[in-house]
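Remarks on the structure that follows.
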Amino acid sequence: MNITVKGTADTLYIYLSGELDEYSAPEARRRADEEIDRRAGVGRVVIDLAEVRFMDSTAIGFLIGRDKKLKRYSTPLFVRGASAAADKVLSVSGIYTLIPKI
């Protein structure tokens, strides 16, 4: 799992690539949380999944955890770029009712 972070004045972009599963999720959580804390007060956070080749149910937990963390900062979270297969998993799980896709 590779994580790239970019930001603008009002948006923090977190780009994930590789596999988001039980093995890679702890490091992804640590890095994402570090960046979220560093940029507390940003207007919104967007997690880009365009380069994620595989994700399992751990990815849903990853997204929910980041959403809960961001709620403490009153910062909305959005997801974008999910592949068709990942989008189906996220849709069936109901994650988009919590975290909108853009």
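Here the structure is a predicted model, which is why all the values come from computation and not from measurement.
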Side-chain touch Val46/Ile14, heavy atoms, less than 4.5 angstrom: no
For Thr75, side-chain contact (heavy atoms from CB on, under 4.5 Å) partners two or more places apart: Val42, Val45, Leu70, Tyr73
In one Ile/Leu/Val/Met/Phe/Trp/Tyr side-chain cluster, 4.5 Å: Tyr13, Val79: no
Side-chain heavy atoms of Ile36 within contact of Leu12, under 4.5 Å: yes
Pairs where residues 88-97 contributes a residue and the test side-chain hydrogen bond (donor to acceptor under 3.5 Å, both in side chains) is met, not counting sequence neighbours: Asp87-Tyr96
Qualifying residues under side-chain contact (heavy atoms from CB on, under 4.5 Å), relative to Asp48, sequence neighbours excluded: Tyr15, Ala50, Arg80
Value rounded to 0.5 Å, distance of OG1 in Thr4 from CD in Glu35: 10.5 Å
Side chains of Leu20 and Thr58 in contact at under 4.5 Å (non-hydrogen atoms): no
Distance under 6.0 Å and angle within 45° of ring axis: Arg44 vs Phe78: yes
Flag side-chain contact, heavy atom, 4.5 Å: Ile47 against Leu63: yes
Euclidean distance, Ser24 OG relative to Phe62 CZ, rounded to 0.5 Å: 9.0 Å
Verdict with supporting geometry, Val5 and Arg31, side-chain contact (heavy atoms from CB on, under 4.5 Å): CA-CA 9 Å; Val5 178; Arg31 180 81 194 286; 4.0 Å; yes
Flag if over 12 foreign heavy atoms under 6.0 Å of CD, Glu34: yes
Pairwise side-chain contact, Ile99 with Arg66, heavy-atom cut-off 4.5 Å (strictly under): no
Distance, nearest 0.5 Å, that separates CE of Met55 from CE of Met1: 9.0 Å
